[in-house]
Amino acid sequence: MLLVLLSLAALCWGAMPPEPTIQCGSEPGLSPEWMVRHALTPGDLRDLRVEPIKSSVAVEDYSILMNISWILRADASIRLLKATKICVTGKSQKQTYSCVRCNYTEAFQTQTRPSGGKWMFSYVGFPVELNTRYFIGAHNIPNANMNEDGPSLAVNFTSPGCLDRIMKYKKKCIEAGSLWDPNITACKKSENTVEVNFTTSPLGNRYMALIQNSTVIGTSYVSEKELTRTSVVVQVTGESEGAVVQLTPYFRTCGNDCIRRRGTVVRCPHTGVPFPQDQSRSMLSGWLPLLLLALLVAIWVLAGGIYLTRRHERIKKTSFSATILLPPIKVLVVYPSEICFHHTVCYFTRFLQNHCRSEVILEKWQKKKIAEMGPVQWLTTQKAAADKVIFLLSNDGNTACDGTCSNSEGGPHENSQDLFPLAFNLFCSDLRSQTHLHKYVVVYFREVDIKDDYSALSVCPTYHLMKDAPAFCKELLHAEQHVSVGRRLQACHYSCSSL
Ligand SMILES: *[C@@H]1O[C@H](CO)[C@@H](O)[C@H](O)[C@H]1NC(C)=O
Ligand SMILES: *[C@@H]1O[C@H](CO)[C@@H](O)[C@H](O)[C@H]1NC(C)=O
Ligand SMILES: *[C@@H]1O[C@H](CO)[C@@H](O)[C@H](O)[C@H]1NC(C)=O
Ligand SMILES: *[C@@H]1O[C@H](CO)[C@@H](O)[C@H](O)[C@H]1NC(C)=O
Ligand SMILES: *[C@@H]1O[C@H](CO)[C@@H](O)[C@H](O)[C@H]1NC(C)=O
Ligand SMILES: *[C@@H]1O[C@H](CO)[C@@H](O)[C@H](O)[C@H]1NC(C)=O
């Protein structure tokens, strides 16, 4: 019996040679086949595809890998094919390059699979970083001879940010809150309050809820250590029904660049203040006493409303009249190119415009002018025109750098010229002089890391937003009242001269 089986197996073995599979390993340099001349070489690949997949064996941050699959061309040259080499170039802040070589375990006997269909293989490897452009090239081995153009196939692949359904599992994204589900609900409680409920995250304990329709109409900060469903009432200054509620978390590792969540403000199911619809319903279905009561309530609400509006206007007048009449403060904001433009620069710009009566000058909005004038001339002119120059610092926040501010033209990946080092060098001499120093402010959103190269900035007044927001605004609005910056001048001399 056993003998019969064995001989049967041997027969099958002889008739059907094992199908080729691949064995892949890193091969950074040239393949040894380059060194010898080949009279005949295999053709190119028929197809090459790349998709990111979540690795089942997640090793720290290498959890997202490329699944690179390729199809071999069904022609006679397949008999010569020994291996396929794949090289990947990644371009984000730094460039990466690596290659693998996949040897076929057997020589190809047939142009297609014995079971039918083309030969197809896939290799899983090459960790995928966020928001990175990859260029994936593949060629067959033995390759064409030294001075001949070898057949090869290449594809481009741009990895998405943290909001992607696969990329969200990257460690950096998880830390920025990609897996957090705040389940935001918000409703208009009255004409000038909105109730926002959300579930907090174990990643941090500080949040900002912001209500906006076309402009920001209200903000409120929440501190919550416990992991709960929390509720906050936000004062608003405009129509809130249908407005957007944006929840900004401040987590430990991402600071200001964490992933923001959005929701919509709906009408609360039952509110203290009846809405016109509720009123008409009660009038239609109610009896006379109810009608009278509703009327009374309506009058009371109307009176209350008028009183509140008057009072509100009065408060507004008394607290803002001093500032509203003054011209805006002109602010030039310079930031390093690695900063997440949308999350940090746009947010900061909006903050300046909405809360600090500032007119903001940004490199990104004046591309054409910079091209005409040249960056040095542009910076010099803007510095002279500006009341304040703000160096905006932040950790490199690659997290979901999507979208742009409304004023900006061009896409988010458009290469922005990094004016920061230039501005720093150009303005550095001012940092040494007490008469000019008052013009400069450093703002950062996270405990950083003023890089050694820029240590001269440490003489400038430094603000940590949003913590120091009131003090910061005050500094801007009372540009003359700058004090006690001279005591740190020594540090400036030291670090500027070391440039
Ligand atoms: C593939 O074949 C080449 C040449 O025979 C050899 O140098 C290399 O080690 C092989 N790679 C793997 C992963 O088996
Ligand atoms: C990689 O992609 C190929 C082709 O789409 C597929 O057949 C294979 O199952 C994928 N591998 C993994 C690990 O998902
Ligand atoms: C990949 O992108 C580069 C740069 O934009 C372009 O030159 C090249 O043609 C693209 N290649 C493919 C295969 O799409
Ligand atoms: C979100 O919150 C609402 C109201 O608290 C609840 O009914 C719903 O089940 C929650 N959804 C999820 C996905 O947790
Ligand atoms: C928020 O939670 C409170 C308390 O659980 C609840 O009464 C209220 O209806 C909720 N509001 C919203 C907008 O979900
Ligand atoms: C925003 O609020 C203003 C008044 O506060 C209102 O007139 C406008 O319609 C609102 N816009 C949107 C898009 O809801």
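Each ligand, and each atom within it, is numbered from 1 in the order the structure gives.
- By the criterion of a heavy-atom distance under 4.0 Å, neither the backbone nor the side chain of C102 is placed next to ligand 1.
- Contact annotation: A83 has no heavy atom less than 4.0 Å from any atom of ligand 1.
- Judged by distance alone, the side chains of N197 and S231 do bring a donor and an acceptor atom under 3.5 Å apart.
- Near C24, the atoms of ligand 1 lying under 4.0 angstrom from a non-hydrogen atom of the residue are 13 (C).
- Closest non-hydrogen pair, L45 versus A138, comes out as CD1-CB, 3.5 Å.
- For the side-chain hydrogen bond (donor to acceptor under 3.5 Å, both in side chains) condition, the pairs that include at least one residue of residues 102-112, sequence neighbours left out, are T21-T105, W70-Y104, T84-Y104, R101-N103.
- Ion pairing between a basic and an acidic side chain is recognised when a charged N comes within 4.0 Å of a carboxylate O; E239 and K188 show such pairing.
- Heavy atoms only, all atoms of each residue included: S159 and Y134 are closest at OG-CE1, 4.0 Å.
- An N or O contact shorter than 3.5 Å links E195 to ligand 5 by distance.
- The ligand atoms of ligand 5 that sit less than 4.0 angstrom from a heavy atom of C187 are 13 (C).
- Between V232 and S220, the closest heavy-atom pair is CG2-OG, 3.5 Å.
- Residue N103 places at least one N or O, backbone or side chain, under 3.5 Å from an N or O of ligand 1.
- Judged as a ring-ring contact (aromatic ring centres under 6.0 Å, His included), the pairs with a partner in residues 190-214 (not counting sequence neighbours) are, in order, W180-Y207, F198-Y207.
- Residue contacts with ligand 1 for R101 involve side-chain atoms from C-beta outward but no N, CA, C or O (heavy atoms, distance under 4.0 Å).
- Sorted by first and then second residue, the salt bridge (Lys or Arg N to Asp or Glu O under 4.0 Å) pairs involving residues 208-223 (not counting sequence neighbours) form an empty list.
- Across all their heavy atoms, S122 and I22 have their closest contact at O-CD1, 3.5 Å.
- Listed by chain and residue number, the protein contacts of ligand 2 are E51, I53, N67, S69, M120, S122, V124 (heavy atom within 4.0 angstrom).
- The minimum heavy-atom distance linking P182 with L247 is given by the pair CB-CD2, 4.0 Å.
- Atoms of ligand 5 found under 4.0 Å from any heavy atom of N197, numbered from 1 in the order shown, are 1 (C), 2 (O), 3 (C), 8 (C), 10 (C), 11 (N), 12 (C), 14 (O).
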